[in-house]
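Comments concern the structure below.
Convention: sequence-line order gives letters A, B, ...; per-chain numbering from 1. Remember, it's a predicted structure, so these values are computed and weren't measured experimentally.
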There are 2 protein chains.
Amino acid sequence: MNPSPRTVGILAGMGPAAGVDFVRLFVGACEAWLREHGQPVLDQAYPEHWMAQLPIPDRTRALTDPAAPQPLEAMLRGLNQLTALGAVAVAIPCNTAHAWHAALQERVPQVELLHIASETAAEIRRLGHPRVALLATQGTYDTGLYDEAFAAQGIECVLPGDEARIWLMQGIYDGVKAGDMRLAEQRFTQVAQQLRATHGDIALVMACTEIPLALPQAPEARDWTLVDPSAILAAALAARAYGQP
Amino acid sequence: MNPSPRTVGILAGMGPAAGVDFVRLFVGACEAWLREHGQPVLDQAYPEHWMAQLPIPDRTRALTDPAAPQPLEAMLRGLNQLTALGAVAVAIPCNTAHAWHAALQERVPQVELLHIASETAAEIRRLGHPRVALLATQGTYDTGLYDEAFAAQGIECVLPGDEARIWLMQGIYDGVKAGDMRLAEQRFTQVAQQLRATHGDIALVMACTEIPLALPQAPEARDWTLVDPSAILAAALAARAYGQP
């Protein structure tokens, strides 16, 4: 057996269903790591991990309205608590929340706060997609979260138009967050079909953690190339727990 | 809107996949609570909840071999940490771990530690099943975890025979915990079919948190009456968070 894996944290609740999906992906990534490294898959072989699901103010709203409740203090409180519990690395399963990544990392330098866009861009490069389409919240588009990470890896990125962005927000808020998965699937599929009509069989990056809760279940999506940043972030967190940079 | 819900905790990792399933059930129970109470389903309407997935020594082994590593200290550490984070109630998604329920509750009296068997027995009575079959680990059978709770509710309980108990342990350990879901489904189904052959259409209580990860997926199980103590415990924890005793 390897030395004990290290404790890691998940700062979540944005929304809660996406947090659940992320910890599922993380446990799956740990199991995959154990198999790849020829270690027995036992309860005790998994890293200690803590998930905080906190009622954090809406991220897109905070970005588009400076008078709205801001999420930084609540996220900072959770990050400090996870660090106090011994987490050496923390992942945030919410793309839009990464607008505060630098502020959080600066205020809590003793923990490694993973960055979903950097991890995703590196993985897309490994997968060999030269061009992708980004499906995200208005908050993520506004902050250009993925721009720098994609540019650093030489990945070209296309964005949906204004109408399709409204469909995405409807699918995320009136769909997944409100528990209406049929609406979510329908809206996300509409956007994907429009992008594919223009750009052909382009890889679709589901860059809001609510999107993979509905889009992959659509029958039309069976033959599409979907990239899930949550799954990539989960694998990155598992690698940190088992001692890989 | 109601006053803010209270913080609750989940002491898990026994095994990690069961912890993931439990937090999924908990988030679902919160969503159901919000709908039943006519409240909007928003990220911020969910209670703050913390899940600790800790590498806790095997519970059944500890019960059957006093020389084996014991789980009490690791569970106690987690329970104290969850309490320090503000949890007013904590659930443990592992039936066998409840052998240490009294010891934990006595040492940490300031938190309400839910009891999976008490919650399950009360719900079975509400459902109106006069007689059930208990599917569990050898550790849970040895400690008679459900005996008192069922007796208190006037529920008759039948147990599988020695051979079927070996199949259950194989399904739990070589199946779910080791990631072989086909083996798990096959073993659990065998046990259920044997019980149904003897006792007819009896309600099957899946009293190990690994069993609901495989048995309900079996095609044969479609028409069986399955009771999931994890789901009952998750609903009880949601009720505590929203302020119901």
Side-chain angles (χ1 to χ4, degrees), chain A residues 4-5 7-10 12-28 30-32 34-35 40-59 61 69 71 74 77-78 81-82 84-86 94 172-174 176-180 210 241, chain B residues 4-5 7-10 12-28 30-32 34-35 40-59 61 69 71 74 77-78 81-82 84-86 94 172-174 176-180 210 241:
Chain A
S4 285
T7 300
V8 295
I10 301 166
M14 303 172 267
V20 168
D21 194 53
F22 185 81
V23 69
R24 179 183 68 79
L25 292 165
F26 173 74
V27 165
C30 290
E31 186 188 325
L34 290 168
R35 289 192 196 288
V41 177
L42 303 166
D43 291 1
Q44 295 76 24
Y46 288 79
E48 175 169 336
H49 53 286
W50 289 76
M51 179 163 72
Q53 297 241 82
L54 308 182
I56 290 170
D58 190 79
R59 284 69 58 200
R61 207 179 144 210
R77 198 249 298 171
Q81 287 170 304
L82 289 167
L85 289 162
C94 172
I172 293 164
Y173 282 83
D174 306 330
V176 178
K177 284 187 196 293
D180 186 345
E210 311 293 44
Chain B
S4 285
T7 300
V8 295
I10 301 167
M14 303 172 267
V20 168
D21 193 53
F22 185 81
V23 69
R24 180 183 67 78
L25 292 166
F26 173 74
V27 166
C30 291
E31 186 189 325
L34 291 169
R35 288 192 197 288
V41 177
L42 303 166
D43 292 2
Q44 294 76 22
Y46 288 79
E48 175 170 335
H49 54 284
W50 288 76
M51 179 163 72
Q53 297 241 80
L54 308 182
I56 290 169
D58 190 78
R59 284 70 56 201
R61 206 179 145 212
R77 198 248 299 168
Q81 287 169 304
L82 289 167
L85 290 162
C94 172
I172 293 164
Y173 282 83
D174 306 331
V176 178
K177 285 188 195 293
D180 186 345
E210 311 293 45

Answer key: most heavy-atom pairs under 4.5 Å with chain A among B:P16, B:G13, B:A17 is B:P16
Okay, B:V27 and chain A: the region with an atom under 4.5 Å from a heavy atom over there is side chain
The interface call for B:D58 against chain A, heavy-atom contacts under 4.5 Å, is both
**Asked** Are any of the side-chain heavy atoms of B:Y46 and A:Q53 separated by less than 4.5 Å?
**Response** no
Practice task
Compare all side-chain heavy atoms of B:M51 with those of A:I10 and state whether any distance is below 4.5 angstrom.
Solution key: no
Quiz item: Does A:V41 reach the side chain of B:K177, with side-chain heavy atoms less than 4.5 Å apart?
Solution: no
Greatest number of non-hydrogen atom pairs under 4.5 angstrom with chain B, of A:P55, A:C30, A:G19, falls to A:P55
### Message
Could you tell me if the side chain of A:M14 sits less than 4.5 Å from the side chain of A:R59, heavy atoms only?
### Response
yes
